Undergrad: 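Quick one: the structure is below, and I'll ask about it shortly.
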Amino acid sequence: MVHSRRKRPLAVGVAAIALSMLAAGCSSGKSDSGAGAAPKTLVIDKAFDLKTADPARMFEPTGELVDKALYETLLTFKGGDVSKVVPGVATLDESSDAKTFTLTLTGTHTFSDGTKMTADDVVFSLQRVIGVKGNPSFLLDGVTVTKKDDKTVVLTTATPTPALPSILANPALGILNSKVLKANGGSTDAKDGAEKYLNTHSAGSGPYVLESLNLASQVVLTKNAKYDGAATPTYTRVVIRNVEGATQKINVQGGDAQIALDLSGDQVNGLGSGVKVTSDPSANVIFLMLNQSPAVSRITSNPDFVKAVKASIDYQDLVSMAGAGTSQAAGVVPSMFLGALDKSDALRTDPAAAKAALAKSGYAGEKVTLSFPSDVTLNGIQFPTIAQRLQAQLKKTGINVDLAPAPVATELDAYRGGKETMGLWYWGPDYPDPSDYLVFTPGNVLGLRAGWPKGADTTVSALATAAAAGGSDEERTSQFQDLQRALNNSGPFVPLLQPGNNIAAKSSVTGVVYNAVWTLDIAALGGK
Amino acid sequence: MTRTPSGEVALDIRDLRIDLATAEGPRPIVNGLDLRVGRGSIHGLAGESGSGKTITALAVLGLLPASMSVSGSIVLGAAAAGGEPIELVGSSAAVLGGVRGRRVAMVFQDPSTSLHPQLAVGRQLTDHVRHHLGLREAEARARAAALLTRVHVPDAETALGKYPHQFSGGQRQRIAIAVALACGPDVLLADEPTTALDVTVQAGVLQLLRELVDDMGLSVLLVTHDLGVMSSVADEVTVMRAGAVVESGPRSQLFTAPRHEYTKSLLAALPGSTFEEDPAELAAELVAGHEAPAVPTVLPDGNDAPQERDDV
Amino acid sequence: MSEHTISGRRLSGSAVPRPAGVLTVDDVVVDYRGRPPLRAVDGASLAIGAGEVVALVGESGCGKSSLARAIVGIERRTSGTVRLAGEEVPVLGLRRRAAAMTGIQMVFQDPNSSLNPRRPVGDQIQDGVRAAVARGEEPSEPHEWLMRVGLDPQAVRRYPHEFSGGQKQRIAIARALAARPRMLVADEPISALDASTQTSVAALMRSLVVDAAAGMLFISHDLSVVRRIADRTLVMYRGRIVESGHTETIWRDPLHPYTRALLAAIPVPDGAGRLPLAPQEADRDAWTEVVPAALGRMAPGEGA
Amino acid sequence: MTRTVLPATQPGPAADLPGRRRPRMRLGRWSAPLGIVGAVVVLLWLVVAVVAPFVVPHDPLAQDLPRLQAPGSGTIFGTDALGRDVFSRVLSGATVTIPLALLLVVMSVLIGAVLGAASGFFGRWVDELVMRVTDLVMAFPTVILAMVIAAALGASLLNAVLAALIVSWPSYARLTRGLVLGLRTSNYVVSVKLLGFSSWRLLLRDIAPNVVGPILVLASLDIGTAILLLSGLSFLGLGAKPPTAEWGSMVSDAVQNFDSWWLGLFPGLAILTIVIAFNFVGDALRDALDPKSVTVRGGGATL
Amino acid sequence: MTRTAGDTGTTAGPRRNMRRGPARVRGTGHPFARYVLRRVVTSLLLLVGVTLVTFVLTNLVPGDPVAASLGQRAAEDPAIVAQFRAEYGLDKPLVVQYVTYLGNLLHGNLGTSTTTHNAVSSDLAAAVPATLEIALGAIVLSVLIGVLFGTLAAYRRGKTTDHVLRVVSLAGLSVPTFWLALVLYYAFYFQLHIAPGSGRLSSDFNVPPTITGLYTVDALLAGQLDTFLDALSHLFLPVLVLTLYTVGLLTRFVRTAVLEILDQDYVRAARAKGLPTRTVVRAYVLRGASVPILTVVGLAFGSLLSGTVLVESVFSWPGIGSYAYQSASHLDLPGVMGVGLVIGATYLLVNLVVDILYGVIDPRVRLA
């Protein structure tokens, strides 16, 4: 009647929707509609530190996790054992001087577009890593890659590189389809422009292909139909979502996700019976750094103050805060690596000694700034929580700490520039070898960040030189232990925690094995 | 121009009392008003602003704010087509709904505010017609166009599609009158219908009112404070002061031989000829005179929502 | 249009009256910017002498208020001059008005907006007194002024909201008069008031102004009030003064068709039941014409 | 000539009015009780803000209690992930947030009112400049602009206040400008101008007092908004630094320990109660001091 | 502070003039079209201002985007850093950088995000619909509820209904959205398992073919009813949280506006015509109040955009708020600039739409 005119658009709209539904046959948007009862989609919650899916530029845990599923490497590790390298797409023949590595492709490996993998692809992939100067290019520093024949590639180095086989297992060195890449702007020098392509497609022979990638929210993988490798993936579709620790817990409890990768020791408590937790020590070490440059701080560069700090910290309290799986880091080298320090050599709490050292240092109660990344969660451990705990502990000795949290993006600059008075950071290994930890010595990367130039501590430097020279495992072990004792004694670093890595998975998911390099081999997961 | 009122009463108001509920208790606004509007005549209701004139008109339609209570009797005479007289005080929402706009219509003071600025004139002329008389849109529009022509709005067909602001003030008031007449009411309540208009325009509107009464047998209750207007068109006049009737009677008698002091003083206050006067005496006059105590015209101090008695 | 304007100017210019004008308005034009621009006042000239009350009448929108505001300097004048005792009245800006110029004051239509709601009325009248003193006039007391406009002298400490509209208007008048102006411009000062007080307030204004030997320009659309208080009357239509001169002369024998229509449309409260004459639409066209004889009309017995 | 004295049957309105009264505040029938409840709660929180440092059962920063304890066992609101007493921290939060919110609003009012008044009073290029700047600031959603500013300045409560200040003064500038603009052309200001008073005098004596009321109303309603904004910024990690007991960052801590509902519930309730209380007060104040009754109608060009 | 429009109506700015009616807009030609055109031009200028402010602000940040965007190892290598700087034009003077940016902008090129390494335009194209979906949902819902509540409160002025609605709307304005989001998430998802988890879609659903970017609409267009329902269920909590705040705002404002209209003669006239209350409310009262309501809806939309930042962070919603937060904390200049532009443009667009709608709903503006 009066308003009848106005009702028309609504009716038209409803009709339009109904028609469109009819036309489209009202299909389902579910990814596995019509499939059998078996669970086919796997949801993994992970706190992202993803920067790219391009193996030649990727070197963060999330990238390793993703690229492990997309690409195959020449050599690899089996399960969680990173101490022993096994053949991947190739077998290895290593010269006795550890300078020549001959890799022979085994069987046939097919890229997702159907082409077969050849030595050209291997050479291209490795040379690209070197040439584009991305994050992982240092892995192949000094390595020359040459093709011997269609099945064989030879890697040569000037100096003995015993670590190269385990380096080759890194997904950053995954083999890419050189034809596809070249067609999409790929090259083996700095002009390479294939990253964009690799962030939307994958060009590998791995068990999965990239369906979509959003660096901020989620990565979706689908099963590679052309995959002819050993393990047949159980899940046809894998969604890796960027979810922070606390929400991961809810999600895995609520059934929204099947796997949570970043739960703290605290959070894995009380997950309930439907969730299985795999706890392993991680190879990460959280440490406190005191700047040794008097220009940055008069007080933190004072050796007595450093001693006072080391003796003030209640390490056991920190461990209990961090929860299950976490232990005190005895030295900078993580416990599972060669040359790790024994627990008995770890730093110890000694309030009396702390007070004495503090008095000697001439500390007058001034504020000392502790900088830390406010948005970093490592194995579920919040840096702000640790920082606040440290602040409270140091306060007991009479050290007044001012907390200066900042997003990691802003803070990194100050950290790398050696401008932080005190810093709370962590070190994750680039490869599973103690030599990766020589960065903690004067004049080296982390030493410089702590205002500790070459020659600042000759004792430590001498020990470091000795450790770098190498030798038998026993020799290396004792050299690295000596170095760490010296570091604990006089260095500007205070190793605090070696967090546990907790993987919480629905009990329906089988085959959950933690790997220190790529966290989880998605293709190896099973379902029941 | 002589008029022969039919003698029938179109609207019979007896002992009307309206009280405003205030924090200090009920405050009388209209205090025992008696008034009869004869069929086919104009009954003028005069008085100062705040004397309760507008409130009385609203009371006829049952449109007083909820904070006001009404007692007494307002009887709407039987319709021309027959039927029983209707008591409006205390009657049901259904009865009032059938009376408003249909049997009794109202024209407000300012046509620039009483017509909705965002609705086309045609819509405002037809929506109640369609509601009351159940006409189709086309029928209602035809009727509206005829009405506009009747009130001398030129080019009625086009006018229906226009908006109020596209008309002059005088035409707007003619449109407002057309809106009121659309359902063919018996009684028209005209609340200061010319006060907002220029004097030349006012003359036209007054002529129209007279015409409608004479030609259509309309009964009008004309509320105004302007004695000139009253003298021009009213057949009967009632003078109100502070909510009560002071004097009532045929126009000529009231203007030429007022009985009540107040009526006399009102007439005397009309501007006469030029004069010189001592300011002190004038001031004294103002001190003694005061303005009448302010009675809220419609809404007392904004704390009471306009509320229909019947809306739920 | 321009031709009309020129002739209008010349003709009204000839109507300068006898007493040496306290206020001389010469050929004032007021335009409002907009699309298209609107000419509100189209070349108005007038002069008002001491102790003289001049009324300005016309329908709403004819430019009465614009002219009044242009005279005191609230509205910018496109052209033309306004002089108070021979001195140019400047347009109000951010700068304070010179003491001499406080000799022209204004009373507005809406009494509710004429007073600062947060100051006692006595203080506001005192402002007027201060302006008078600054100009070298005798000091006076606010309560005297309250008394003069018929209000309780004790009320000086009260605030505006405690007064009725008519009372507020009288306070505004008191403030304006306290400045002892030589010229008072009143823009529809009584139209917002109750009918019963309109006449008295108008009469009061007249007598106070005449008493102080000041001039007054009194704007109104109520012709019957104007007839009662104005010595001379100016009739305005569409921005132009179409008829001017002695009030009674115009009232008795209007010459301009607009003035005639205006007067004929006034309903007479005589109880006779006569309908006022309503002009036809077509008549309006005649109202814009210039009738030279209608300007500068003299009182009977007065004259050249 | 007739002079009629109208019969005075009723006393004039002036007769029954008391002698001196400022413009009266009218409290709505119902807004008053709510306003009073609000005022009491605000007062309580203000008292808490003052005395919290002296009366809280625990040092809000001390980490000496068992961690993540549910309310009841020895603590009223439980303990957080670092073993701090949530009750003490919630109370101490008042000391942190309320003064800063007040500071923020006072500064916004001062800056906004001065710029708005200048804009409305002087007009021309001053007006143009101020209004374009407010347009620019208002084109950003507040939280996002504050976020960028806080990111640029570094996280700290004072920087958050500064960021909030940058986004919040324009509403006062707009309000003040509108009021001053209306008043500047109002009849009474024009009247005073005609009396030869200086612009400064007009501004201070005739305009300012009539602008204060509406600004106060807006300000009182804005205190709540200020608290919400500051705690929101802290929630995002752009405000309070740890270990400050600030409500927003306490709620954000709760995200990390989702099971421990008490971590987030109580600071959130604290925000809710204080904000709603301020809003009740502001609302009652608005009813009492309806800005519309203060702004002056009329003026301007009439044709 | 969120501009609450201060229900006073005094902050509505230049629009108030338009409500005064035709007196000021008198004239022939098409002053309204001209007015709109002028608005468009000033809006564009304002947008340039927005980019400038964002640019300056972002460059005030003490950090270095290089450190933020490059990985550990790469940032140590001066050659890589130099290459990165050259690639993103960071090696040029600021003025040149800004002018280059504006130049690219003219060609629709918003630059490449240093965080995601994607074209900012494609990042935004993904984020904007996500935010739009909750913002539109919230605005539609809150307008419906707000108008209903506001009208009801005005009609029941001074009665219990009015007071209850007053308390409800004030409470809505007072709840911290981030906290409410958490509480609802805890209750409905964590404890009761009624609502779905975070994100826009359950993980076992594919994103529907992108047409509008709004998952609900796209799902319907694709005829995927189950996807539509899933997307709808994910919208539920974020929309609810945002709606609550806006409903509070709108209820207060609609009440004031309706009260003002109820006092108008034309409403009294409509009732005197004997029209049923329903018709009076819909055709007369709400139409009369539509201009001020429209104004506040425009303002509410602005505050909604602010609110989404906090809500998106709680619900891991990949919208513009999350993107803004991510870009701001990663010092991603192109990203932040892009967000600033989009938000500024949205704000200006909303204002423009509101202005045009004034003309649509008010003939005095349209036919001045």
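A note on names: the letters A, B, ... follow the listed sequences, proteins ahead of strands, and every chain is numbered from 1. The figures that follow rest on heavy atoms only: side chains count, while hydrogens, waters and symmetry mates do not. The model shown is predicted, which means the values in this text are computed figures rather than measured ones.
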Undergrad: Mark yes when over 12 heavy atoms from residues, nucleotides or ligands other than C:R77 sit less than 6.0 Å from its CZ; otherwise mark no.
TA: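 For C:R77, atom CZ is crowded (more than 12 foreign heavy atoms under 6.0 Å).
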Undergrad: Answer with side chain, backbone, both or neither: which region of C:L92 has an atom nearer than 4.5 Å to a non-hydrogen atom of chain D?
TA: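 Only the side chain of C:L92 comes within 4.5 Å of chain D.
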Undergrad: Would you check if D:F197 and C:R130 make a side-chain contact, meaning some heavy-atom pair closer than 4.5 Å?
TA: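 A side-chain contact exists here, since the closest heavy-atom pair is under 4.5 Å.
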Undergrad: Can you name the nearest heavy-atom pair linking C:F108 to D:S191, along with the distance?
TA: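 Here C:F108 and D:S191 meet closest at CE1-OG, 3.2 Å.
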Undergrad: So do D:Y188 and C:P117 actually touch side chain to side chain, heavy atoms under 4.5 Å?
TA: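 They are in contact (side-chain heavy atoms under 4.5 Å apart), so the answer is yes.
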Undergrad: Who wins among C:R175, C:Q124, C:R135 for the most heavy-atom pairs under 4.5 Å with chain D?
TA: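 Heavy-atom pairs under 4.5 Å are most numerous for C:R175.
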Undergrad: Among the options C:V41, C:T102, C:L94, pick out the one with the most heavy-atom pairs lying under 4.5 Å from chain D.
TA: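 The answer is C:L94.
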Undergrad: Please give me the minimum heavy-atom distance between C:A131 and D:L195, naming the atom from each residue.
TA: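 The answer is CB-O, 3.3 Å.
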Undergrad: With the threshold set at 4.0 Å, does a side-chain nitrogen-carboxylate oxygen contact exist between D:D206 and C:R118?
TA: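 Result for this pair is no, no salt bridge flagged.
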Undergrad: Are there more than 12 heavy atoms of other residues, nucleotides or ligands under 6.0 Å from atom CZ of C:R238?
TA: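 At most 12 heavy atoms, drawn from other residues, nucleotides or ligands, come within 6.0 Å of this atom.
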Undergrad: State, with a plain yes or no, whether a side-chain heavy atom of C:R96 is found less than 4.5 Å away from one of D:L202.
TA: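 No - every pair of side-chain heavy atoms lies 4.5 Å or more apart.
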Undergrad: Between C:N116 and D:N210, does any side-chain donor sit less than 3.5 Å from a side-chain acceptor?
TA: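 Per modelled atom types, C:N116 and D:N210 side chains form a pair under 3.5 Å.
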Undergrad: Above 12 or not: heavy atoms from other molecules or residues under 6.0 Å from CD of C:E88?
TA: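 Correct, the count exceeds 12.
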Undergrad: Which atom names give the shortest non-hydrogen contact between C:S113 and D:N187, and what distance separates them?
TA: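 In this case the closest contact between C:S113 and D:N187 is OG-ND2, 2.9 Å.
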Undergrad: Rounded to the nearest 0.5 Å, what's the gap from CE on C:M106 to NZ on D:K193? Could you check?
TA: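 Atom-to-atom, C:M106:CE and D:K193:NZ are 13.5 Å apart.
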Undergrad: Stepwise, does the salt bridge (Lys or Arg N to Asp or Glu O under 4.0 Å) test hold for C:D127 with D:R201?
TA: CA-CA 11 Å; C:D127 284 351; D:R201 206 142 162 194; 5.1 Å; no
